[in-house]
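Okay, so here's the structure we're looking at.
To find a chain, count down the sequence lines: A is the first, B the second, and so on, and within it residues start at 1. Bear in mind that the values here come from a model prediction, so they are computed numbers and not experimental data.
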Amino acid sequence: MVRVRFAPSPTGPLHIGGLRTALFNYLFARKNSGKFILRIEDTDQMRYVPGAEEYIVESLKWVGLDYDEGPDIGGPKGPYRQSERVELYRKYAQVLIEKGWAYYAFDTPQELEDMRQRLRQAKSSVQLYNHLTRGEMKNSFTLTQAEVKERIEAGEKYVIRFNMPADKQIIVHDIIRGEVKVNSNTLDDKVLFKSDGFPTYHLANIIDDHLMEISHVIRGEEWLPSLPLHILLYEAFEWEPPKFAHLPLILKPNGKGKLSKRDGDQMGFPVFPLDWTDPKTGEKARGYREWGYLPEAVINILAMLGWNPGTDQEIFTLQELIEQFSLDRVQKSGAKFDPDKARWFNQQHLRKKSTQELAQMFLPVLESQGIETDEQYLFRVIELLKDRVEFIEEFWTKGFYFFEPPRSYDAKGLKKAWKQQTPEIMLELKEKISQIDDFTSENIERELKQWVESKELSFSKVFTPLRLLVQGSTSGPHLFDMLELIGKKEVIRRIETGVSTIKR
RNA sequence: GCCCGGUUCGUCUAGUGGUUAGGACGCCAGGUUUUCAACCUGGAGGUCACGGGUUCAAGUCCCGUACCGGGUGCCA
């Protein structure tokens with residue numbers, strides 16, 4: 001039975017790297033008819049951010065990654081919030097101590113800092129709390145059992161550290177990277193249990209993965225260095241470890257480091273699925289949703305960062321991804337995020353939508369502009385604009401003139417197309433237009449083209465200014481379709497007001 | 001510093017010892033259009049990080065170096 005989990009910590013808004021980790025877990029679970037579990041790793045009280053968990057849940061919901069077990073929906077292996085499982089971790093830490101795999105330590109932060117400082121100055125290649133240094137620190141190795149007991153009973157702060165064996169060759173296997181060999185001398189006696197009564201990630205993670213019967217751990221590459229420790233912990237508990245797959249990181253577009261919170265707004269693309277306001281600083285960050293990205297586009301973008309199907313297909317639905325996903329087509333190297341291609345994905349998915357669906361999505365934008373319109377008209381507008389839009393909002397920015405007259409005229413367009421004799425031509429054109437009874441695109445086109453030819457004018461000399469008057473800019477959908485839709489009366493009105501305001 | 005991972009067009013990538021190194025985004029040009037987009041056609045862009053091996057044959061296997069990234073916390 002495949003069981004995988006997405007285990008974020010609620011220390012801020014989930015970012016798209018995390019969302020991709022969730023996606024790959026989800027795809028793997030669904031592909032293998034397994035379970036996908038959400039577990040909240042809130043063992044760091046200091047970094048806990050209120051609202052972050054809700055944000056994670058809402059983000060997953062938005063992109064459609066539904067989980068089978070989780071903090072808000074429960075499940076057979078709960079609770080799914082680590083802060084509610086602390087007693088469990090305490091118990092298992094005790095087991096490790098009894099087995100000799102862990103020990104108590106009483107060193108203060110200052111003492112730890114001094115130790116590292118000393119090693120640095122001694123130019124030691126390793127500056128670790130390990131078999132070489134623990135004999136000089138305050139812990140179960142240097143204090144008698146009675147002293148340790150006394151200190152704990154006196155309420156002194158302590159941590160529980162892993163007893164990292166010396167000079168042990170550890171070979172771990174990663175599904176994506178193959179064998180990774182590490183010598184335990186490069187590892188340290190990691191803190192497993194903190195003095196605040198909470199476990200660290202390493203302990204809680206191993207215990208939960210075991211208890212929740214996780215079969216595959218699919219997580220970010222930043223965890224690869226601690227995999228040997230985790231393997232050792234499974235060994236210490238005498239538990240069967242799950243299989244591991246470490247995903248390549250999503251990098252900044254310029255290739256300098258992991259994609260991070262700050263990059264987004266700065267570089268003109270979102271880093272978070274949804275809008276987020278930091279409860280402490282009030283700092284705001286834009287999300288994909290609010291930016292106008294379709295959830296299916298976001299999924300598609302993330303899926304193609306670090307994975308490919310081995311075919312030329314690039315546009316996928318979630319369902320198609322489930323069918324085709326496999327961990328052995330996951331890339332080893334980090335992928336730079338490409339904002340341009342992200343937009344293209346959105347456009348591709350937008351184009352797959354029906355006119356009705358697009359209208360549904362566009363309606364709130366119209367409402368926010370205070371526009372009311374009838375459905376048939378809206379549908380026709382959308383059909384004209386559909387192919388020239390990357391985001392829903394652009395139905396407004398590129399098509400507002402279907403709903404209200406232009407308030408200004410594009411300066412560049414005026415400069416190019418508005419000549420000395422243009423006002424006169426436009427007024428004559430207006431007369432011609434008023435004589436067209438059958439105001440349909442095809443007919444308008446035939447009559448106007450005929451008229452232009454009879455006046456021995458060029459199409460562009462007439463039609464570019466006309467477009468400018470009616471919509472305020474020089475580029476847009478098929479001119480005659482546009483005129484038909486806006487309607488004869490309104491077209492005439494716009495020519496009149498335009499000619500008189502542009503007159504200067 | 002030490003440890004781990006990575007390295008194919010600007011970017012995402014195909015490629016598992018024998019191909020003119022393929023596709024996509026972006027870019028450029030032409031076609032279509034009154035215009036823009038879409039669409040169609042074409043183009044530029046890669047000494048497969050570098051240096052050594054192994055082999056009849058290496059982007060593909062091995063070693064070294066460089067560079068990039070991650071880790072190195074009582075963060076996750």
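In this structure, A:Leu251 atom CG and B:G5 atom C1' are separated by 12 Å, rounded to whole Å. When the P atom of B:G73 is taken as reference, atom CD of A:Gln117 falls 14 Å away, rounded to whole Å. Remark: C1' of B:G70 and NZ of A:Lys252 are 13 Å apart, rounded to the nearest angstrom. The nearest whole Å value for the distance from the CZ atom in A:Phe400 to the P atom in B:C36 is 18 Å. When the C1' atom of B:C3 is taken as reference, atom NZ of A:Lys190 falls 11 Å away, rounded to whole Å. At whole-Å resolution of the value, CG in A:Leu385 and C1' in B:U35 are 14 Å apart. As rounded to whole Å, 17 Å separates atom P of B:C74 from atom CZ of A:Phe198. For the pair A:Leu119 CG and B:U72 P, the computed distance is 18 Å after rounding to whole Å.
Nearest to the side chain of A:Gln347, among B:G69, B:U34, B:A38, sits B:A38. Here B:C12 is the nucleotide among B:U34, B:C75, B:C12 with the atom lying nearest to any side-chain atom of A:Leu305. Side-chain proximity of A:Ser460 to B:C25, B:C74, B:U34: nearest is B:U34. With B:A14, B:C36, B:G6 as the candidates, the nucleotide lying closest to the side chain of A:Ser475 is B:C36. Of the listed nucleotides (B:G23, B:G6, B:G26), B:G26 has the atom at the smallest distance from the side chain of A:Asp340. Minimum atom distance to the side chain of A:Leu128 is reached by B:U72, of the listed B:U72, B:C4, B:A76. Closest approach to the A:Trp344 side chain among B:U34, B:C25, B:A76 is made by B:C25 (side chain taken as heavy atoms from C-beta onward). Distance from the side chain of A:Leu249 is smallest for B:G70 among the nucleotides B:C4, B:G70, B:G6. Which of B:U13, B:G5, B:C74 sits closest to the side chain of A:Ala335 comes down to B:U13. Among the nucleotides B:C12, B:U34, B:G15, the one closest to any side-chain atom of A:Lys341 is B:C12.
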Q.
Apply ring pair (Phe, Tyr, Trp, His ring centres under 6.0 Å) to residues A:Phe463 and A:Phe480 and explain how you reach the verdict.
A. CA-CA 10 Å; A:Phe463 294 145; A:Phe480 308 100; 5.2 Å; yes
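Between A:Gln331 and B:A14 there is a side-chain N or O to OP1 or OP2 distance below 4.0 Å. Look at A:Lys258 and you won't find any side-chain N or O under 4.0 angstrom from OP1 or OP2 of B:G5. Between A:Arg467 and B:U33 there is no side-chain N or O to OP1 or OP2 distance below 4.0 Å. When the side-chain nitrogen and oxygen atoms of A:Asn308 are compared with OP1 and OP2 of B:A14, one or more of them lie within a distance under 4.0 Å. Between A:Lys336 and B:G10 there is no side-chain polar atom (N or O) within less than 4.0 angstrom of OP1 or OP2. In terms of phosphate contacts, A:Lys449 brings a side-chain nitrogen or oxygen within less than 4.0 Å of OP1 or OP2 of B:U34. Taking 4.0 angstrom as the limit, A:Arg116 places none of its side-chain polar atoms (N or O) nearer than this to OP1 or OP2 of B:U72. At B:G70, none of the side-chain N or O atoms of A:Arg219 fall inside 4.0 Å of OP1 or OP2 (strictly under the cut-off).
Between B:G64 and B:G5, the distance separating the two P atoms is 12 Å to the nearest Å. Between B:G22 and B:U47, the distance separating the two P atoms is 14 Å to the nearest Å. Atom C1' of B:G26 sits at a distance of 32 Å from the matching atom of B:A58, rounded to the whole Å. Nucleotides B:G10 and B:A49 place their P atoms 12 Å apart, quoted to the nearest Å. A gap of 15 Å separates the C1' atoms of B:C25 and B:A44, to the nearest Å. Distance check on atom C1': B:G45 versus B:C28 gives 11 Å, rounded to whole Å.
As judged by a 4.0 angstrom heavy-atom cut-off over every strand, A:Pro477 is placed among the base-contacting residues. Looking at heavy-atom distances under 4.0 Å, A:Arg351 makes contact with sugar-phosphate atoms alone, never a base. Residue A:Ser195 is classed as a base contact, given a heavy-atom separation below 4.0 Å to a base. Residue A:Ser9 is classed as a sugar-phosphate contact, given heavy-atom separations below 4.0 Å to backbone atoms only. Residue A:Gly306 is in sugar-phosphate contact alone, with no base atom involved, counting any heavy-atom pair closer than 4.0 Å across all strands shown. Base engagement by A:Asp107 is indicated by at least one non-hydrogen atom pair under 4.0 Å involving a base atom. A:Thr186 comes within contact range of the sugar-phosphate backbone alone, with a heavy-atom separation under 4.0 Å but no base atom that close. Using a 4.0 Å heavy-atom cutoff across all strands shown, A:His246 reaches no nucleic acid atom at all. Nucleic acid contact class of A:Arg120 (heavy atoms, under 4.0 Å, all strands): none. At a threshold of 4.0 angstrom between heavy atoms, the contacts of A:Val159 include nucleobase atoms, whether or not backbone atoms are also involved.
Taking the centre and axis of the six-membered ring of A:Phe6, the NZ or CZ atom of A:Arg39 falls outside the cone set by 45° and 6.0 Å. Judged by the 6.0 Å and 45° rule, A:Arg161 forms a cation-pi pair with A:Tyr129.
A salt bridge links A:Arg120 with A:Glu113: the closest approach of a Lys/Arg side-chain nitrogen to an acidic carboxylate oxygen falls below 4.0 angstrom. Between A:Asp188 and A:Lys190 there is a salt bridge, with a side-chain nitrogen of the basic residue lying less than 4.0 Å from a carboxylate oxygen of the acidic one. Here A:Asp44 pairs with A:Arg47 in a salt bridge; the nearest charged N to carboxylate O distance falls below 4.0 Å.
Residues from residues 40-50 of chain A placing a heavy atom under 4.0 Å of any atom in RNA chain B, listed by number, are A:Glu41, A:Thr43, A:Asp44, A:Arg47.
The base-pairing partner of B:G6, taking Watson-Crick or G-U wobble contacts with both distances under 3.5 Å, is B:C67. Pair assignment for B:A21: none, as no Watson-Crick or G-U wobble contacts are both less than 3.5 Å. Base pairing annotation: B:G59 forms no Watson-Crick or G-U wobble pair, as no partner gives both donor-acceptor distances under 3.5 Å. With a cut-off of 3.5 Å on both pairing distances, the Watson-Crick or G-U wobble partner of B:U41 is B:A29.
Side-chain contact, A:Gln324 with A:Gln313: a donor N or O sits under 3.5 Å from an acceptor N or O. No hydrogens or angles considered: a donor-acceptor pair under 3.5 Å links the side chains of A:Arg446 and A:Asn443. Side-chain contact of A:Thr440 with A:Glu484: a donor-acceptor pair under 3.5 Å is absent, judged by distance alone. Remark: the A:Asn185 side chain and the A:Asn130 side chain contain no N/O donor-acceptor pair separated by less than 3.5 Å. No hydrogens or angles considered: a donor-acceptor pair under 3.5 Å links the side chains of A:Ser473 and A:Gln471.
For residues 8-25 of chain A, no pair satisfies side chain to side chain donor-acceptor pair (under 3.5 Å), with sequence neighbours left out.
Residues A:Val126 and A:Gly334 each lie close to RNA chain B; by heavy-atom proximity, the contact nearer the 5' end of the strand is made by A:Val126. Nearest-nucleotide positions on RNA chain B for A:Gln82 and A:Trp307 put A:Trp307 closer to the 5' end.
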